[in-house]
Amino acid sequence: VSGAPDPTVALSARTGRLAARLAERDLDALLVSVPLNVRYLTGFTGSNGMALIAADQNAGVNRFFTDFRYATQIESQVPDLFERMIVTGELLSEAATATATATGRLGFDDAALTVKQHARLRELLPDGWELVPCGGLVERLREVKDPGELELIRAASELAEEALRGLLESGVVGRTERDVAIDLELRMRRLGADGPSFPSIVAAGPHSALPHAEPREQPIPAGALLTIDWGAYHQGYCSDCTRTFATGEVSEQAREVYELVRRAQAQALAAVAPGPTGSEIDQVARAVIDAAGLGDRFGHGLGHGVGMEVHEGPRLSRTGGDAALLVGNVVTVEPGVYLPGRFGVRIEDLVFVTEHGGQPVTHFPKELTVVS
Ligand code: ZN
Ligand code: ZN
């Protein structure tokens, strides 16, 4: 990517932001053990790594631990911002004994560390050290993307859209849902993706009434609604998008529901901005669907954050959407209406939250499009 920010600058900004959070909680350091969080903070893409981030970035030392298999890889991935340590044996014991002082407060990820690892850590840490549960701390930092991350998410999204365009040109009616899903995933890989960001949903006719439909060995008929929910995983970042198409002439009711969902989505998109909470944005779409008497057919939340994981914070839903959106969040807006036994409609865009409001990353058209 031309003009991409220097990775060391981005990593240093991340550890700096994290250190400020640690200081607020009176912690001396944070032990980071979840691989995605280790990657986010250090750049390391291998499977066996841990990081110890100091709360005082001027006096303290950030350390990174891995084993000999990654000695070469870390030279190019993990910058000097970290003291890089090649460990024989368990990373956890090396990390525990790296704490130089006699007393302190060490944060750990209580959502990820096993009870056994926790006991081992307690045993190895000097007695004067307190272990403080800090699960979710790095995940919350990850909700606010930096410019380099936004570019990677945009690239994943563009790649996924290009794959779908190619797929639709090749034709989908008469092929099985499963064949179309496999073809779509292959196309994304050929365009440079590491794979899909989640198993693609390709669901036609009554099957599209299931929000999490799995592609079947059933041919896609003409004259039905067809929902495709797909995304690319590319250079560590995900995309996520849904479009509902018509495979020919569909019922008046199908077209009405489609327009309703499209209107709900447009209004929710217009409401995306820093400030409102996820549940407030969810309510904007829900009110439109409620007013048409179909509120009970929109059974899932409006959207979710997307980044290194395809489902992450912040959440846009009635429950759990209590955080205000922030500049740098990347969220989906995906209302749906599902009529069991008949059809379902979902329209999903990926959106950057900017100081000027929501900036959709998805370009795929949203008028009900007939595909063959
Ligand atoms: Zn999706
Ligand atoms: Zn989604």
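Both counts, for ligands and for their atoms, begin at 1 and track the order of listing.
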Can you tell me the angle formed at the Zn ion (ligand 2) by OE2 of Glu334 and NE2 of His304, to 10°?
80°
What is the name of the N/O/S atom of Glu348 that is nearest to the Zn ion (ligand 1)?
OE1
So, of the N/O/S atoms that Asp240 has, which is the nearest one to the Zn ion (ligand 1)?
OD1
I would like to know whether Glu139 and Glu312 meet side chain to side chain contact (heavy atoms under 4.5 Å, CB included); could you show each step before the answer?
CA-CA 8 Å; Glu139 281 81 356; Glu312 55 181 49; over 6 Å; no
Test side chain to side chain contact (heavy atoms under 4.5 Å, CB included) applied to Leu294 and Leu339, Val261, Val288, the passing residue
Leu339
Closer than 3.5 angstrom, by distance alone: can the side chain of Ser208 be matched with the main-chain N or O of Phe343 as a donor-acceptor pair?
no
Got a sec: is Asp229 within less than 2.8 Å of the Zn ion (ligand 2) via an N/O/S atom?
no
Does the ring of Phe298 carry Arg286 above it, NZ/CZ under 6.0 angstrom from centre and within 45° of its axis?
yes
